[in-house]
Novice: 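Got a structure here, written out as structure tokens. Questions coming.
All values below were derived from every heavy atom in this structure, side-chain atoms included, with hydrogens, water molecules and symmetry-related copies excluded. Start at 1 and go down the list; that is how both ligands and their atoms are numbered.
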Amino acid sequence: NFFAGFAVTDGTIGLAFIDISTGEFRVTEADDEKILLNEISGLDFREVIAGDELEKSAFLKAFIRQKDACMINYLPSDYFSVDGAALLFREYFHQDQLDKIDFENKRAMSAAACAVLRYVRETQKEGFGHINEMRWYPLNNYLILDDTARRNLELFATIQENRKAGSLFHVLDETVTSMGGRRLRWWLNYPLVDTGKIKERLIAVSEIKERHHERGALRKLLSGVYDIERLGSRVAIGIANARDLVSLKNSLKSVPAIKEEISQSESPLISEIYSSLDDMPDIADLIDGAIAEDPPMTIREGNIIKEGFDSELDELILASTDGKRWIASLEAKERKRTGINTLKVGFNNVFGYYIEVTRANAHLVPDEYVRKQTLVNAERYINEDLKKYESLVLNAEEKRKNREYELFVEIRERVGREIKRIQKTASGIADLDALVSLAEVAERNNYCCPKITDEDRIEIKDGRHPVVERMNPEGVFVPNDTGMDCENNRFLIITGPNMAGKSTYIRQVAVIVLMAQMGSFVPAGKAEIGVVDKIFTRVGASDSLARGQSTFMVEMTEVATILENATKKSLILLDEVGRGTSTFDGLSIAWAVAEYIHDSEALGARTLFATHYHELTDLARTREGVKNYSIAVKEWGEDIIFLRKIIEGGTNRSYGIQVARLAGVPEDVVSRAKEVLKNLEKGELDEMGIPRLAGGKVSDKKSGMAQLSLFAEEENPVLKEIKGIDPYDMTPMEALKKIDEWKRKVKG
Ligand code: ADP
């Protein structure tokens with residue numbers, strides 16, 4: 001949940017955003033607003049600030065369309081001024097960190113960062129000790145996934161029910177700490193493009209996967225670590241309670257053992273994590289020596305600080321316990337002295353300590369007792385001694401609470417001053433937990449380590465869809481191969497009937513690429529992945545109906561975005577493009593889109609195109625980069641069996657009627673559908689009404705006519721008559737009369 005700011009300078013848009021609860025502060029900028037919008041689509045913004053001048057800009061309008069629930073505040077330009085930026089930044093961030101960022105050339109980003117810091121300072125009550133790292137992240141360091149792709153590939157939630165179970169994240173997330181969970185989510189949102197960095201992660205995952213025993217031990221140790229990132233922030237902004245400190249201490253105690261487990265690692269990434277982990281014995285000892293093991297939630301009621309930590313406090317505790325002891329002994333003493341066996345000493349919040357005597361014994365009460373309260377059956381008294389001890393106890397208690405609070409705040413501040421060390425360790429734990437999770441998942445699901453290259457080739461042997469395979473009973477998922485490049489295998493058309501497994505197959509390829517680029521093992525026997533820069537998807541019907549756009553309109557907007565933004569390095573998934581409109585329109589659009597992606601100099605991106613328009617397979621005859629594949633089905637009498645196996649070559653049958661029967665459509669409807677199909681086929685048309693290139697039936701009729709005459713069994717009577725007469729056998733007058741008659745008939 002981020003708070004963000006936008007600023008524009010010379011056409012560049014700067015973005016800064018912060019998670020107030022953890023202090024995570026990130027900045028970036030882009031010349032192209034589309035890239036920035038893409039970037040933002042994966043982030044959850046709660047509130048945004050922008051300069052007045054942005055209010056009417058196309059960028060902000062597009063932003064609002066994307067995040068209609070986000071609150072936007074327009075602020076005057078002084079918030080965004082970069083005057084004094086250096087001073088402002090130095091207040092929060094360390095100089096050596098700032099040295100790494102080229103502020104001179106990143107004015108838009110600096111302006112956004114200044115505005116966010118100024119605004120947060122004005123509006124937040126808490127301290128800012130935890131905001132001390134500015135993370136600059138260039139956008140071209142990551143594989144770009146737009147919101148549509150994230151949704152269609154079901155990275156974090158299912159499309160249908162928006163549930164986490166059934167998403168890719170759900171399969172990959174075996175983290176045991178909240179920090180690790182957040183880090184893994186970030187990795188999945190931002191897969192890498194740098195082969196070196198990807199390999200670094202893969203080496204780390206491989207190593208952890210191989211060291212089976214250490215992995216189990218590591219997971220156990222990590223699970224004992226609380227969310228020290230959040231705890232650290234709570235400490236730094238002064239809202240942590242004593243339990244938070246105890247949780248921090250207990251977490252730090254696991255760190256040495258965690259370090260020990262990874263000390264032998266040869267992976268550079270794990271070695272880096274090793275050196276970032278600081279068990280902070282000074283802090284752990286401080287908390288250990290001062291804070292009770294099981295303190296209450298509140299910090300103003302005492303019982304927080306251990307005895308022996310502060311002599312002043314110890315004296316107060318002693319005084320109070322001495323006093324209480326004296327009071328406790330009073331009951332026995334007074335019973336003996338007065339002879340009243342039912343005499344009791346008690347305490348209540350309004351009257352304090354009292355001596356209670358039943359009505360029946362009231363005559364035995366000594367003279368020095370002073371009546372304090374009368375009950376139905378008893379009287380309550382106080383005497384001089386009890387009063388003295390009471391005030392001693394209450395005084396000491398009050399002072400004790402104050403002293404404990406004072407000490408606690410002092411300790412919290414001391415710990416808060418070490419926030420950077422805490423954050424660094426938290427980040428190391430997050431990385432380690434995410435890596436361990438990937439290793440664990442790789443082993444459990446039998447994934448393989450992909451080979452990562454800068455080339456164009458994507459070669460997958462026995463690939464599986466990681467989520468669908470988990471939902472199918474073991475052994476039922478049929479693995480499939482994929483071979484793509486930017487040359488002769490750049491545009492794969494996958495045909496097959498509905499339900500054959502086309503969507504699953506094309507998504508599986510994208511998901512494998514994405515997992516590989518986040519540094520994960522992949523569900524395949526073997527995989528070589530030439531990194532991609534962006535993944536685009538146009539898959540199935542969208543849920544945007546709720547936003548008031550028709551399905552077809554949404555589909556076409558998505559297609560437009562793809563054609564505009566994809567590059568040669570991208571991976572495009574198209575599923576049933578054109579389905580949202582009539583058959584001829586749809587097929588024509590699908591055809592033209594395919595040609596455009598294939599032919600365009602700038603594009604030529606690796607594409608998987610799943611379609612039940614088998615006419616598209618003809619594209620392969622004229623386009624060298626197009627390859628046809630289909631998903632095998634076996635005919636079995638009247639029925640078909642889905643084999644789920646991808647095979648070379650297209651199919652020219654759609655088996656729609658068989659699928660309808662499988663789905664339980666009544667037999668009457670199925671047999672009528674067969675009749676209609678026969679009529680259609682008699683028309684000897686392809687569906688576009690143009691002559692087929694080969695293999696199919698040739699028609700010379702125009703598409704409009706074709707559509708009208710599809711169901712015409714009988715010839716038009718006028719036509720029949722024309723065919724039957726001989727004009728040379730008629731007088732001109734007879735001919736004229738006939739024409740007039742026909743005209744009236746045609747008019748109806
Ligand atoms: P299509 O896109 O061709 O209509 P889908 O991809 O939606 O088909 O797949 C239909 C069903 O087939 C899904 O429910 C899926 O679980 C199953 N399926 C798809 N591919 C496979 C496979 N390789 N092995 C086993 N089941 C599969």
Side-chain angles (χ1 to χ4, degrees), residues 149 151-154 158-161 163 165-168 170-171 445-447 460-483 492-512 515 522-527 537-543 551 555 558 572-580 583 586 590 607-617 628-636 639-665:
R151 221 163 357 103
N152 285 335
L153 296 176
E154 306 193 301
T158 57
I159 298 184
Q160 297 281 334
E161 288 160 339
R163 283 207 337 250
S167 69
L168 179 60
H170 191 242
V171 172
N445 301 328
N446 200 16
Y447 293 169
I460 300 168
K461 181 99 189 69
D462 287 335
R464 286 122 50 201
H465 190 296
V467 180
V468 180
E469 80 163 342
R470 286 279 294 266
M471 292 189 300
N472 278 338
E474 197 141 343
V476 172
F477 193 90
V478 180
N480 274 308
D481 299 346
T482 309
L492 311 189
I493 296 179
I494 324 289
T495 40
N498 281 321
M499 283 300 288
K502 300 183 296 299
S503 309
T504 308
Y505 176 71
I506 66 172
R507 285 177 206 218
Q508 146 187 331
V509 176
V511 166
I512 288 176
M515 283 170 72
V522 296
K526 207 171 156 202
T537 58
R538 161 55 236 151
V539 176
S542 257
D543 59 350
T551 316
E555 182 180 333
E558 286 174 10
I572 303 178
L573 305 192
L574 299 170
D575 193 354
E576 301 289 11
V577 164
R579 190 180 228 178
T583 312
T607 305
L608 290 149
F609 195 145
T611 181
H612 70 290
Y613 292 137
H614 45 76
E615 290 77 1
L616 282 176
T617 54
N628 282 320
Y629 287 89
S630 53
I631 305 208
V633 291
K634 195 171 163 172
E635 292 185 49
W636 187 266
D639 288 328
I640 49 166
I641 300 169
F642 296 116
L643 299 181
R644 315 280 185 218
K645 199 75 195 161
I646 190 126
I647 50 174
E648 268 187 61
T651 171
N652 57 3
R653 298 216 34 198
S654 39
Y655 298 101
I657 293 173
Q658 285 87 338
V659 175
R661 165 180 284 133
L662 273 182
V665 171

Novice: Hey, does P497 sit under 4.0 Å from ligand 1 if you only count heavy atoms?
Specialist: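 The answer is yes, since P497 has a heavy atom less than 4.0 Å from ligand 1.
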Novice: May I ask you to identify the nearest protein heavy atom to atom 13 (C) of ligand 1, giving residue, atom name and distance to one decimal place in Å?
Specialist: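 Its nearest protein heavy-atom neighbour is T504 OG1, 4.4 Å.
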Novice: Looking at atom 24 (N) of ligand 1, what's its closest protein heavy atom, distance included?
Specialist: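 Ranking protein heavy atoms by distance from atom 24 (N) of ligand 1, first comes V478 N, 2.8 Å.
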Novice: Taking the side chain from T158 and the backbone from R163, do they hold a donor-acceptor pair closer than 3.5 Å?
Specialist: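 Looks like yes, one N/O pair under 3.5 Å.
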Novice: With the threshold set at under 4.0 angstrom, would you say A500 reaches ligand 1 through any of its heavy atoms?
Specialist: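 It does, in that a heavy atom of A500 comes within the 4.0 Å cut-off of ligand 1.
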Novice: Of all the non-hydrogen atoms in the protein, which one sits nearest to atom 4 (O) of ligand 1, and at what distance?
Specialist: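 Nearest protein contact, heavy atoms only, for atom 4 (O) of ligand 1 is M499 N, 2.6 Å.
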Novice: Would you say Y505 and ligand 1 have an N/O pair spaced under 3.5 Å apart?
Specialist: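 In fact, backbone or side chain, Y505 has no N or O that close.
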Novice: How far is atom 8 (O) of ligand 1 from its nearest protein heavy atom, and which residue and atom name does that atom have?
Specialist: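 That would be G501 N, 3.0 Å.
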Novice: Quick test: of every protein heavy atom, which one is nearest to atom 2 (O) of ligand 1, and how far off is it to 0.1 Å?
Specialist: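 Answer for atom 2 (O) of ligand 1: S503 OG, 2.6 Å.
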Novice: Quick one: look up the protein heavy atom nearest atom 16 (O) of ligand 1 and list residue, atom name and how far away it is.
Specialist: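 The answer is V468 CG1, 3.5 Å.
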Novice: Is the backbone N or O of D462 less than 3.5 Å from a side-chain atom of D481, with the two atoms forming a donor-acceptor pair by type?
Specialist: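 A pair under 3.5 Å: yes.
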Novice: Please check this pair: side chain of S630 against backbone of G649, looking for a donor-acceptor N/O pair closer than 3.5 Å.
Specialist: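 Yes, S630 side chain to G649 backbone: donor-acceptor pair under 3.5 Å.
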Novice: Please list, in number order, the atoms of ligand 1 under 4.0 Å from a heavy atom of N498.
Specialist: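 Those qualifying, in numeric order: 4 (O).
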Novice: If only atom types and distance count, is the side chain of R464 paired as donor or acceptor with the main-chain N or O of V478 below 3.5 Å?
Specialist: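 No.
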Novice: For the residue pair T617 and N628, confirm or rule out a side-chain donor-acceptor distance under 3.5 Å.
Specialist: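 Looking only at side-chain atoms, N628 and T617 do not form any donor-acceptor pair under 3.5 Å.
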Novice: Within the side chain of K645, is there an N or O that forms a donor-acceptor pair under 3.5 Å with the backbone of V633?
Specialist: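 Checked: no pair found.
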Novice: Is the shortest side-chain heavy-atom distance between Y629 and K502 below 4.5 Å?
Specialist: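 No, every pair of side-chain atoms sits at 4.5 Å or beyond.
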Novice: Return yes if some donor-acceptor pair links the side-chain N/O of R507 with the main-chain N/O of N152 below 3.5 Å, else return no.
Specialist: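 Here the side-chain-to-backbone pair exists.
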Novice: Tell me the protein heavy atom at minimum distance from atom 21 (C) of ligand 1, and give that distance in Å.
Specialist: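 It is R644 CD, 3.5 Å.
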Novice: Side chain, backbone, both or neither: which part of N472 has a heavy atom under 4.0 Å from ligand 1?
Specialist: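 Contact part for N472 vs ligand 1: side chain (C-beta onward).
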